[in-house]
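Take a look at the structure below.
Just so it is clear: chains get the letters A, B, ... in the order the sequence lines come, proteins before strands, and each one is counted from 1. Here the structure is a predicted model, which is why all the values come from computation and not from measurement.
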Amino acid sequence: MKNRLREVVCQALRQCYDEQLLSSGEVPDFAIEVPGRSEHGDFAVNVAMMLARAEKQAPRQIAETLVAVLERQPGMWQRIEVAGPGFINFFLSGKLWLGVLEDIHTRGRDYGKSSVGAGRKVQVEFVSANPTGPLHIGHGRGAATGDAVAAVLQEAGFSVQREYYLNDAGNQMNTLGRSIYLRYRQLHGEKIEFPEDCYQGDYIRDLAQQCVDEHGDKFLHGDAEQAVAFFAAWGGESIRAGIDADLQAFGVRFDNWFSEQSLYDSGQVQQGIEALKQAGYTYEEDGALWFRTTEFGDDKDRVLVRSNGVTTYFASDVAYHREKYARGFDTVIDVWGADHHGYVARMKAVLAALGRNPEDLQIILVQLVSLLRGGEQVAMSTRAGKFVTLKEVVDEVGRDACRFFFLTRRGDSQLDFDLELAKKQSNDNPVYYVQYAHARVCSICANAAQAGAVAAAATAIEPEHLALAEELELIKTLARYPEVIENAALNYEPHRVTFYLQDLAARFHSYYNQQRVIVDDEAVTAARLCLVTAVRQVIANALAVLGVSAPEKM
RNA sequence: GCGCAAUUGGCUCAGCUGGAUAGAGCGUCGGCCUCCGGAGCCGAAGGUCGCAGGUUCGAAUCCUGCAUUGCGCGCCA
């Protein structure tokens with residue numbers, strides 16, 4: 001609707017120049033917005049104010065000129081007026097609004113999809129937790145956010161891949177192997193003190209027990225190093241599979257799992273280092289190889305190869321991101337925990353050094369979640385094995401509530417997740433409010449079917465049958481949806497969809513309490529059913545994007 | 001010390017990339033079903049948008065400085 005209006009206004013503006021009613025010839029990038037108050041019309045345009053300087057005329061005067069030309073288009077509006085400092089307010093005709101309902105019903109699940117993404121290839125990499133333990137609640141927020149960002153981009157016409165980067169190289173895997181190995185020996189009756197730098201969680205003991213069941217004492221007698229290597233590889237894969245299962249239970253499915261180790265095996269880590277060397281951005285100092293990231297705005301240079309010859313994690317990240325673009329992605333999005341924000345500058349530096357626009361890498365920082373239980377902070381530490389897993393939380397408060405809750409805040413705000421509260425308040429959790437609206441429409445439809453009432457086709461509705469203020473407000477809210485999706489996608493802000501849903505549900509509930517849908521007048525009933533089912537469709541579409549179910553009954 | 005981010009009613013948060021009188025939820029107070037699901041609705045009270053400057057027709061939004069809070073500043077991953 002907005003885009004249509006923009007075209008009409010631009011056309012009228014050009015017409016003004018053709019007829020020499022205005023002289024500057026400028027077509028500024030003006031704003032079209034939905035005013036906060038309905039007296040200000042359905043849409044307001046600020047173009048006259050933007051032209052004031054170039055035209056050397058008062059904004060209101062310019063607006064009057066433009067309006068005179070716009071009014072030549074019959075049927076589109078009830079009226080157009082100049083207001084305030086020079087806004088042009090548009091009051092659209094009722095017929096035009098009914099087109100929105102028609103659009104929703106013909107497009108169904110596709111309503112809200114657009115092609116602004118133009119099929120550009122985008123990769124969203126998220127979660128990417130080390131396979132050394134189960135996912136905890138903080139990862140859940142990253143999962144919900146990353147998945148919703150990907151979904152919203154898909155909706156907006158981007159070609160999206162969801163990827164999980166598996167940090168299966170480096171000494172953490174060795175630590176994992178050692179941890180399982182020591183527990184394994186303990187289970188065979190050996191009295192060993194369990195080192196502090198090993199993973200303390202109970203899941204390590206469970207893995208060891210599984211090995212005892214499957215392999216007996218086979219690893220007690222062989223070479224310890226080989227045993228550790230086995231436990232590292234086997235344990236890592238086993239944990240990875242567990243992570244995958246937990247994510248699927250949370251409704252998140254990855255298109256690809258990418259192994260860090262594979263970058264070493266294929267020689268790409270070395271190639272990445274070579275590329276930087278050849279570009280002239282490296283130097284040696286104290287026996288280590290450095291990357292001059294300060295050249296690109298980082299606050300200090302970073303080591304790629306340590307003086308002992310071992311590459312850093314950063315070196316594999318260079319290779320990893322090179323590899324992503326080699327796969328043909330136009331834009332790469334990394335979803336990180338906010339505690340990694342210090343890493344952003346050096347990653348952008350990698351792009352710049354490789355001759356790529358740093359904007360092609362978008363980093364979404366998701367603040368960590370502090371978990372509370374009854375107002376008390378729950379201490380979490382992966383290493384100490386003290387944490388509440390994502391699975392536990394999902395089992396406790398439910399997948400829908402959990403996902404929706406994570407998306408009721410912008411990613412960069414900190415979030416307290418109180419388990420007691422989440423459970424206790426589950427009834428007035430906003431997710432139920434939205435789902436309830438959906439279920440209500442379903443219930444109305446069931447009643448209508450029983451009464452033999454049928455929804456009208458939008459094209460068959462007389463405007464006066466959907467002319468109440470609440471009805472127009474509802475339709476306008478529905479009309480906004482495609483734009484909400486588009487903005488959520490372009491800004492990587494899925495929480496906008498969540499807030500939109502709450503707004504739509506609120507308007508629907510309010511309408512429901514004021515007006516009955518099924519009334520004696522058949523034509524009015526049919527028109528209202530058409531409206532209400534459109535609401536249901538949009539709620540279902542938006543919930544689907546967020547990965548939340550839209551139940552017919554609750 | 002340096003860097004990144006945040007600061008909006010009692011609490012938790014939105015605010016559509018600079019627009020008209022700053023919005024929700026929770027909490028508080030007062031109302032609403034003989035009627036399509038009360039997991040709902042209606043109303044009221046409550047905010048100098050951290051502080052001070054600046055940019056312009058116009059600032060919660062952009063710039064600078066300050067304050068407070070959180071996070072980060074390894075040849076760890």
**Study point:** Length of the CG-P vector between A/N46 and B/U17, whole Å
**Key:** 11 Å
Considering only nitrogen or oxygen atoms on both sides, find all protein atoms under 3.5 Å from nucleotides 69-74 of chain B and state each distance.
residue : atom : partner : partner atom : Å
B/G70   : O2'  : A/Q414  : NE2          : 3.1
B/C71   : O2   : A/H341  : NE2          : 3.2
B/C73   : O3'  : A/K300  : NZ           : 3.3
B/C73   : O2'  : A/K300  : NZ           : 2.9

Check your understanding: On RNA chain B, nearest-nucleotide positions of A/Q514 versus A/A44: which is more 5'?
Key -> A/A44
Review point. A/R507 has an atom CZ; how far is it from atom C1' of B/G40, in whole Å?
Key: 17 Å
Point to revise | Runs of at least three consecutive pairs that involve RNA chain B, where pairs are Watson-Crick or G-U with distances under 3.5 Å | key: B:1-7 with B:67-73, B:10-13 with B:23-26, B:28-32 with B:40-44, B:50-54 with B:62-66
Practice item. Using a cut-off of strictly less than 4.0 Å between a heavy atom of the residue and any atom of RNA chain B, enumerate the qualifying residues of residues 523-533 of chain A by number. Key: none
Check your understanding: By a strict heavy-atom criterion of less than 4.0 Å, which residues belonging to residues 483-502 of chain A are in contact with RNA chain B?
Key -> A/N487, A/N491, A/H495, A/R496, A/F499
Exercise for review: Please list residues of residues 165-174 of chain A whose heavy atoms come under 4.0 Å from any atom in RNA chain B, ordered by number; otherwise none.
Suggested key: A/A169, A/Q172
Exercise for review: Could you say whether A/S443 or A/A31 is positioned toward the 5' end of RNA chain B, judged by the nucleotide with the nearest heavy atom to each?
Suggested key: A/A31
Revision key, fill the gap. Taken to the nearest whole Å, CG/A/N513 to P/B/C41 is 7 Å
Point to revise | RNA chain B contacts among residues 312-323 of chain A, heavy-atom distance under 4.0 Å | key: A/T312, A/Y313
Review point. Expressed in angstrom and rounded to an integer, what is the separation of A/D42 atom CG from B/C16 atom P?
Key: 21 Å
